[in-house]
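Order of the sequence lines sets the chain letters (A, B, ...), proteins ahead of strands, with each chain counted from 1. Keep in mind that this is a model prediction, so the values were computed, not measured.
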Amino acid sequence: MIDRPAAASEPLKLILPDGAVREVAPGTLPRDVVAGIGPRLLNAAVAVEIDGEVQDLTTPLRRGGKFRVLTEKDVKSLDVLRHSAAHILATAVRRLRPDAQIGFGPAIEDGFYYDFGVKEPFTPDDLAAFEAEMRKVVAEKFPFVREEVDRREAKKRFADDPLKLERIDDLGADEIISTYTDGPFIDLCRGPHVPDTGRVQHFALTHAAGAYWRGDEKRPMLQRIYGTAWFTKAELDAYRHRLEEAKRRDHRTLGAALDLYSTDQRVGPGLILWHPKGAIVRSQIEEYEKDLILRHGYELVYTPHVVSEKLFEISGHLQSFKENMFGAMEVEGAAYRPKPMNCPGHICIFESRQRSYRDLPIRYAEFGTVYRYERSGVLHGMLRVRGFTQDDAHVFCTMEQIDGEIARLLDLVDEMLKTFGYPYTVELSTRPEKALGEPERWTWAQDLLARVLEGRGQPFTIDEGGGAFYGPKLDFKLIDAIGRKWQGPTVQLDFNLPERFNLEYIGDDNARHRPFMLHRVLVGSMERFVGGLVEHYAGAFPVWLAPEQVRVLPISDDVREAAAAATERLKAAGLRASLDDRNETLNYRVRDGEMMKVPYLAVIGKREAEQGTVAVRARGASGKKQDIVPLDEFIARVVREKESRTL
RNA sequence: GCUGACGUAGCUCAAUUGGCAGAGCACCUGAUUUGUAAUCAGGCGGUUGCGAGUUCGAUUCUCGCCGUCAGCUCCA
């Protein structure tokens, strides 16, 4: 919402970044202000910012405040550029397909899209044609012209665009309705835009896909065209390079190449087969985590995979999670289901005897395999599957213990994420619209979480309304080696399940009290986490996780025995070592070892066999001089690296 | 689930307008005994995802199903 000026005659105060103040009449164009600062700045300007709000150079100034000129160097300018690129796309599509209905066309991360209502979906040829037409629109340098209109006029202008008419009806009475025109194309749009279409030079259309109108699957499906746009060719090239890098790291490709895991049509979609090498990675993580959580005061439990449906009636899953659950199977007249979550089982263990305040906090942990029905279209490699193992834990505690438990968790998470080399950010998700429990309790819990975070100097952002219906939560977002964000650990406060199960403990006052419950996962799903790790490390696991840590390569048959003995020595030291004595050249076997991303290749020739040494080639050390070291020393070095979990 | 694209040897990909299904790598055998990213030769390998249909003839065209991919919606 844009403030309308209270009194049109009062001058507006613009405070420039250097502290200088300019007074201008309301209605002055930012372009003129920028020109007044410097003509070269006007050339470089993309838009301006007033008190953090971006507007274009040709929108009359309505208010004063901190005034800043956005150039191509500002991150915020990219959104403006991409939004304009979306309009240019629509301009091109409308020229070639006048009957295409126009939907929304916003800027998104790395690019933009525009939704069109068309009878026939677009083909790759269409995209090429649209992109060529866009280049013409750019060459024509149409200015983006903003107009503010009243509702009647807006409806008149978009009389033939039902999607836009619907949007106009949704606009509040006090909202300004504006249109933007570039050459032949007019769009209902809030802006801002770059000055003219000629500013959008470096772009590409990437792909098309169906998208429901307004994200609602009950409404018609539109055709969405995605594109990317940048201010310089170098940035566009860098973006393409990033895509290639992501492709190179794809966990599905690497998983097959490194023989880690697979799926099989006969097993079913979204169900993972862990091969021996993948199982090593997974079990290393599990063993590490087991030690970690035992040190942090957890106790391990196991609960069944298939349980009576009645349990999920009590927990409420059958009511609120049913569409994500596998169907029931009948056993002796009773219905059973694969568990979609581990919490009800852990609660049953808590309830198995009467609990005293002296027992609390109780922390139950399980690597619990759960099954959830996911719609076929959402399945994705290891990252979105139908069966997965959570490193799940539930903490039962008193109200007074919560902040201590949260602090303990933050330590745990920090230690774990450092081990894997992930930087992370923290997000606090608050009360959603439909939530259980009194609002005061939510506020209390949210404040508590915020206080603990602040007390530790941990920066966090707030996701308003992003909490689960049963309680607020903390989400940790991992940042991987190429800057992408992944869902990491989560901690959720639960006001609901203790009520539903009527959980109690006896307090020091000899009265019954309801415990609080925390749900938390660290890696979340082993499947997703390992898939993510593969991409993070590009398949090159650190020694402690590597399925094969050392591969011994005898140069020729006469040192085969020495190499075999060295391999045994490595194994005896607890290392995962293998001997590659295949009848192939050394070059061939070195290449194979590199491609399998083995951390160390230990080459043994005549000299090494005689001296009891190995020629060590560290992964990726192509062209570098090899270290000739005594076998004992090499073993000690790799063991040290393994035990310290060096990255 | 919805929209679109795709599905050929273990993997990556070929196969004029419908006309005998092919290559590289991997695997096996032999030769070679190798000093840091592919030694040479030979061989094995296929109901072209599955099932119908059109046709003298289908990897190719049509329909259905299954799976994968890009998104939408949803999510660990």
- Message: Tell me whether A:Arg219 forms a cation-pi arrangement with A:Tyr212, defined as NZ or CZ under 6.0 Å from the six-membered ring centre and within 45 degrees of its axis.
- Response: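 Negative - A:Arg219 is either too far from the ring of A:Tyr212 or too far off its axis.
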For [range], which residues have at least one heavy atom under 4.0 Å from RNA chain B?
{"range": "residues 368-381 of chain A", "answer": "A:Arg372, A:Glu374, A:Arg375, A:Ser376, A:Gly377, A:Val378, A:Leu379, A:His380, A:Gly381"}
{"range": "residues 607-617 of chain A", "answer": "A:Arg607, A:Glu608, A:Ala615, A:Arg617"}
{"range": "residues 461-476 of chain A", "answer": "none"}
{"range": "residues 209-225 of chain A", "answer": "A:Ala209, A:Gly210, A:Ala211, A:Tyr212, A:Gly215, A:Glu217, A:Met221, A:Gln223, A:Arg224"}

- Task: Would you indicate, yes or no, if B:rA70 has its OP1 or OP2 atom less than 4.0 angstrom from a side-chain nitrogen or oxygen of A:Arg252?
- Result: yes
N/O contacts under 3.5 Å, protein versus nucleotides 39-41 of chain B?
from   : atom 1 : to       : atom 2 : distance (Å)
B:rU39 : OP1    : A:Thr585 : OG1    : 3.3
B:rU39 : OP2    : A:Thr585 : OG1    : 2.9

- Message: Are there runs of at least three consecutive Watson-Crick or G-U pairs touching RNA chain B, with each pair's two distances under 3.5 angstrom? Give them by first number.
- Response: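 Stem segments, range with range: B:1-7 with B:66-72, B:10-13 with B:22-25, B:27-31 with B:39-43, B:49-53 with B:61-65.
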Could you give the side-chain donor-acceptor pairs of residues 602-616 of chain A under 3.5 Å, partners two or more places apart or in another chain?
from     : atom 1 : to       : atom 2 : distance (Å)
A:Glu608 : OE1    : A:Gly605 : N      : 2.9

- Who passes ring-ring contact (aromatic ring centres under 6.0 Å, His included) against A:Phe388, sequence neighbours left out? none
- Query: To the side chain of A:Lys606, which of B:rA76, B:rA37, B:rG35 is closest?
  - Reply: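 Nearest to the side-chain atoms of A:Lys606, counting from C-beta on, is B:rG35.
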- Item | Set of side chain to side chain contact (heavy atoms under 4.5 Å, CB included) partners for A:Leu292, sequence neighbours left out |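 If we apply the side chain to side chain contact (heavy atoms under 4.5 Å, CB included) test to A:Leu292, skipping adjacent residues, the hits are A:Tyr288, A:Arg295, A:His296, A:Leu412, A:Glu415, A:Met416.
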- Message: Going by the rule side chain to side chain contact (heavy atoms under 4.5 Å, CB included), which residues pair with A:Pro338 if we only count those two or more places apart in sequence or in a different chain?
- Response: A:Phe326, A:Met329, A:Tyr371
Side-chain donor-acceptor pairs of residues 250-260 of chain A under 3.5 Å, sequence neighbours excluded:
from     : atom 1 : to       : atom 2 : distance (Å)
A:Asp250 : OD1    : A:Arg252 : N      : 2.7
A:Asp250 : OD1    : A:Arg252 : NE     : 3.0
A:Asp250 : OD2    : A:Arg252 : NE     : 3.3
A:Asp250 : OD2    : A:Arg252 : NH2    : 2.5
A:His251 : ND1    : A:Glu535 : OE2    : 2.8
A:His251 : NE2    : A:Met382 : N      : 2.9

- Determine the contact category for A:Gln487: base if any of its heavy atoms lies under 4.0 Å from a base atom, sugar-phosphate if only primed atoms, P, OP1 or OP2 are that close, otherwise nothing. sugar-phosphate
Could you list the protein-to-nucleotides 64-66 of chain B atom pairs, N/O on both sides, closer than 3.5 Å?
from   : atom 1 : to       : atom 2 : distance (Å)
B:rC66 : O2'    : A:Gln265 : OE1    : 3.4

